[in-house]
Engineer: 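I'd like to ask some things about the structure below.
Here, residue 1 is the first one in the sequence, and each next residue gets the next number.
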Amino acid sequence: MKILVTGGAGFIGSAVVRQAVAQGHHVVNLDALTYAACLANVASVADSPLYAFEEADICDRTTVDRILARHRPDAIMHLAAESHVDRSIDGPGTFIQTNITGTYTLLEAARSYWDAQGKPDSFRFHHISTDEVYGSLGAEGQFTETTPYDPRSPYSASKAASDHLVRAWAETYGLPVVLTNCSNNYGPYHFPEKLIPVVILNALHGKPIPVYGKGENVRDWLYVEDHADALLTVLTRGELGRSYNIGGENEARNIDLVTMICALLDQHRPDAAPHADLITYVTDRPGHDLRYAIDPTRISTELGWRPSVTLEEGLAKTVAWYLDNPDWWQPLLDRDGVGARLGKA
């Protein structure tokens, strides 16, 4: 199969690219190389005959049309998105442009391409989204594929809109689509503005480790390579028009997650004082959702997929990777906004 992956130089997209190539798929990586992208993420496959790269913006219809005509993919996996909630609070316009207008542009390009190819039954448009579109949970319950949408941030609202567009293009034009909504990802190559890499890198540099509010917000953590495996499973075996929730079955409060990371760093890079002493509680993010939790029953029962990495295993792998790869993360610390508190509104 030849797969066009949008956002393939980003965190999750690059994991999909690496895994797809490892499985023998031809991959075309379409990425605009914005601040959070890094071609080093796909360096391990860059010389493979199965891999091609195209620098392009998904909002540029002419260029997207040209790329589709040139490479003639069998499927599109749409991961390109602005994804940092704090940045969406400071500057929502970019999220509207990329996540909504960009998805619309890509859908229209895909529809035109699919029509030109004779509407093959084998074509797939796989839209990758987030559990944040469902809003916030209380202490009990989990998100299912039928949970009503209730986005609370500019980021989640823009992703919810893109989900609705994909479903509309399937219903109105017959475009063959599958959708997935995932829980919080973590692992190697995670851009250093998100919680887990911030904790690791701040701790290594002896800087305060910021924790929003009281650290009681709960997330379900999904190791990124597990996620990539799930996405390729849905692409190749998922039912057309169906959505699948992908979770790690690893819920943790933010403060507990941070404490676990600090304990790992105490083992590998012991300092004069425990790294947990660096934890600093800061003013909460506006509209901060209390809890996310995914019910993965559908993907488990229909497609046989389950996460393979526990939170303890995944955090150990992630901390070890950051300790072993300063040449990857060091240059990224100088990029716009990294290391600064964003999203205070």
Side-chain angles (χ1 to χ4, degrees), residues 10-16 19 79 81 83-86 128-144 147 153 155-156 159 180-203 209-231 233 244-265 275-276 279 285 288-297 299-300 305-322:
F11 171 47
I12 301 173
S14 64
V16 171
Q19 195 156 146
L79 294 104
S83 65
H84 191 34
V85 174
D86 288 359
I128 289 85
S129 190
T130 172
D131 59 358
E132 296 192 37
V133 300
Y134 299 124
S136 184
L137 288 168
E140 303 293 330
Q142 294 179 309
F143 297 133
T144 71
T147 298
S153 71
Y155 162 61
S156 58
K159 288 299 291 183
T180 51
N181 296 79
C182 69
S183 58
N184 280 38
N185 280 225
Y186 71 104
Y189 301 102
H190 205 176
F191 190 74
E193 67 180 0
K194 301 296 181 75
L195 176 60
I196 288 177
V198 164
V199 173
I200 296 170
L201 298 181
N202 280 28
I209 298 171
V211 174
Y212 288 156
K214 297 180 180 179
E216 295 178 348
N217 302 77
V218 175
R219 300 293 181 261
D220 174 18
W221 292 95
L222 173 64
Y223 193 63
V224 69
E225 292 176 7
D226 270 349
H227 188 200
D229 180 62
L231 293 178
T233 298
Y244 297 88
N245 281 353
I246 304 172
E249 299 183 68
N250 287 305
E251 284 189 57
R253 296 189 308 162
N254 285 349
I255 188 58
D256 297 330
L257 182 84
V258 171
T259 303
M260 291 169 68
I261 295 169
C262 288
L264 287 166
L265 290 168
H275 287 93
I279 294 173
R285 164 197 292 161
H288 198 179
D289 293 331
L290 176 62
R291 175 173 169 262
Y292 305 142
I294 286 281
D295 178 353
T297 299
I299 191 172
S300 174
W305 182 88
R306 292 287 299 274
S308 66
V309 179
T310 67
L311 184 58
E312 292 76 12
E313 293 168 342
L315 286 178
K317 289 182 179 183
T318 302
V319 168
W321 187 89
Y322 277 88

Engineer: Between S183 and L222, which heavy-atom pair has the shortest distance, and what is it?
Structural biologist: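 Smallest interatomic distance, heavy atoms only, reads OG-CB, 3.6 Å.
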Engineer: Of the non-hydrogen atoms in A203 and I209, which two are nearest, and what is the gap between them?
Structural biologist: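 Smallest heavy-atom distance, with atoms named: CB-CD1, 4.0 Å.
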Engineer: Would you sort out whether Q19 and L231 count as a side-chain contact (heavy atoms from CB on, under 4.5 Å), showing the intermediate values?
Structural biologist: CA-CA 10 Å; Q19 195 156 146; L231 293 178; over 6 Å; no
Engineer: Quick one: list whatever passes side chain to side chain contact (heavy atoms under 4.5 Å, CB included) with T147, sequence neighbours left out.
Structural biologist: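 Applying side chain to side chain contact (heavy atoms under 4.5 Å, CB included) to T147 gives Y134, F143, T144.
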Engineer: For P296, does its backbone N or O pair with a side-chain atom of S300 as donor and acceptor, under 3.5 Å?
Structural biologist: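 Side chain of S300 to backbone of P296: no pair is present.
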Engineer: Does any part of the side chain of I196, heavy atoms only, come nearer than 4.5 Å to the side chain of L315, both counted from C-beta?
Structural biologist: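 Answer yes - side chains close enough.
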Engineer: Check side-chain hydrogen bond (donor to acceptor under 3.5 Å, both in side chains) between D229 and all other residues, then give those that pass, not counting sequence neighbours.
Structural biologist: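 Partners of D229 under the side-chain hydrogen bond (donor to acceptor under 3.5 Å, both in side chains) test: W305.
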Engineer: Can you name the salt bridge (Lys or Arg N to Asp or Glu O under 4.0 Å) partners of E225, sequence neighbours left out?
Structural biologist: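 Checked E225 against salt bridge (Lys or Arg N to Asp or Glu O under 4.0 Å); zero matches.
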Engineer: Write down the atom of P197, the atom of Y322, and the distance for their closest heavy-atom approach.
Structural biologist: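 It is CB-OH, 3.6 Å.
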Engineer: Taking I200's backbone N and O only, do any of them form a donor-acceptor pair with N202's side chain (distance below 3.5 Å, no angle check)?
Structural biologist: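 Such a contact is absent between N202 side chain and I200 backbone.
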Engineer: Is D220 reaching over with its side chain to a backbone N or O of N250, donor-acceptor style, under 3.5 angstrom?
Structural biologist: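 Yes.
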Engineer: Taking all non-hydrogen atoms of both residues, which atom of E249 and which atom of P307 are closest, and how far apart?
Structural biologist: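 Looking at all heavy atoms of both residues, the shortest contact is OE2-CD, 3.3 Å.
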Engineer: Taking side chain to side chain contact (heavy atoms under 4.5 Å, CB included) as the test, write out the residues that go with R253, two or more places apart.
Structural biologist: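 Listed in chain order: E216, V218, I255, D256.
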Engineer: Can you name the nearest heavy-atom pair linking V224 to G187, along with the distance?
Structural biologist: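 Here V224 and G187 meet closest at CG1-CA, 4.2 Å.
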Engineer: Taking salt bridge (Lys or Arg N to Asp or Glu O under 4.0 Å) as the definition, give me every residue that meets it alongside R291, ordered by chain and number, with sequence neighbours left out.
Structural biologist: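 Once residues adjacent in sequence are excluded, the partners of R291 under the salt bridge (Lys or Arg N to Asp or Glu O under 4.0 Å) criterion are E251.
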Engineer: Could you tell me which residues satisfy side-chain hydrogen bond (donor to acceptor under 3.5 Å, both in side chains) with D295, sequence neighbours excluded, listed by chain and number?
Structural biologist: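 T297.
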Engineer: Which residues pass the side-chain hydrogen bond (donor to acceptor under 3.5 Å, both in side chains) test with H190, sequence neighbours left out?
Structural biologist: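 Per chain and number, H190 pairs via side-chain hydrogen bond (donor to acceptor under 3.5 Å, both in side chains) with no residue.
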Engineer: For the CZ atom of R219 and the CG atom of L195, what is their distance to the nearest 0.5 Å?
Structural biologist: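 Separation between the atoms: 9.5 Å.
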Engineer: What are the two closest non-hydrogen atoms of P192 and L201, and how far apart are they?
Structural biologist: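 Residues P192 and L201, closest heavy atoms: CB-CD1, 3.6 Å.
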Engineer: Report the C-alpha distance between V319 and L265 in whole Å, list the side-chain angles of each, state the deciding distance to 0.1 Å, and finish with yes or no for side-chain contact (heavy atoms from CB on, under 4.5 Å).
Structural biologist: CA-CA 7 Å; V319 168; L265 290 168; 3.8 Å; yes
Engineer: Taking side-chain hydrogen bond (donor to acceptor under 3.5 Å, both in side chains) as the test, write out the residues that go with T130, two or more places apart.
Structural biologist: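 None.
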Engineer: Do the side chains of L311 and M260 get nearer than 4.5 Å, heavy atoms only?
Structural biologist: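 Yes; the side chains approach each other to less than 4.5 Å.
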Engineer: Given side chains that start at C-beta, do those of Y212 and N254 come closer than 4.5 Å, heavy atoms only?
Structural biologist: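 Sidechains of N254 and Y212: no contact.
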Engineer: Who are the ring-ring contact (aromatic ring centres under 6.0 Å, His included) partners of Y292, not counting sequence neighbours?
Structural biologist: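 So Y292 forms no ring-ring contact (aromatic ring centres under 6.0 Å, His included) with any residue.
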Engineer: Would you call I294 and I246 a side-chain contact if the rule is heavy atoms closer than 4.5 Å?
Structural biologist: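 Not touching, per the 4.5 Å side-chain cut-off.
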Engineer: Could you tell me which residues satisfy side chain to side chain contact (heavy atoms under 4.5 Å, CB included) with S83, sequence neighbours excluded, listed by chain and number?
Structural biologist: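 With sequence neighbours excluded, S83 shows a side chain to side chain contact (heavy atoms under 4.5 Å, CB included) to Y155, K194, given in chain and number order.
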Engineer: Rounded to the nearest 0.5 Å, how far apart are CG of L79 and CD1 of I12?
Structural biologist: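 The distance works out to 6.5 Å.
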Engineer: List in chain and number order the residues that pass side chain to side chain contact (heavy atoms under 4.5 Å, CB included) with V309, two or more places apart in sequence or in another chain; answer none if no residue qualifies.
Structural biologist: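 Side chain to side chain contact (heavy atoms under 4.5 Å, CB included) check on V309 returns Y186, Y223, D226, E313, K317.
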Engineer: Out of curiosity, I299 CD1 to T180 OG1, how far, rounded to the nearest 0.5 Å?
Structural biologist: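 Those atoms lie 8.0 Å apart.
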Engineer: Look at the side chain of K159 and the backbone N and O of D131, then say whether any donor-acceptor pair between them is shorter than 3.5 Å.
Structural biologist: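 No; judged by distance alone, with no hydrogens or angles, the pair does not exist.
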Engineer: Would the distance check show the side chain of S136 and the main-chain N or O of L290 forming a donor-acceptor pair, the cut-off being under 3.5 Å?
Structural biologist: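 Confirmed, S136 side chain pairs with L290 backbone.
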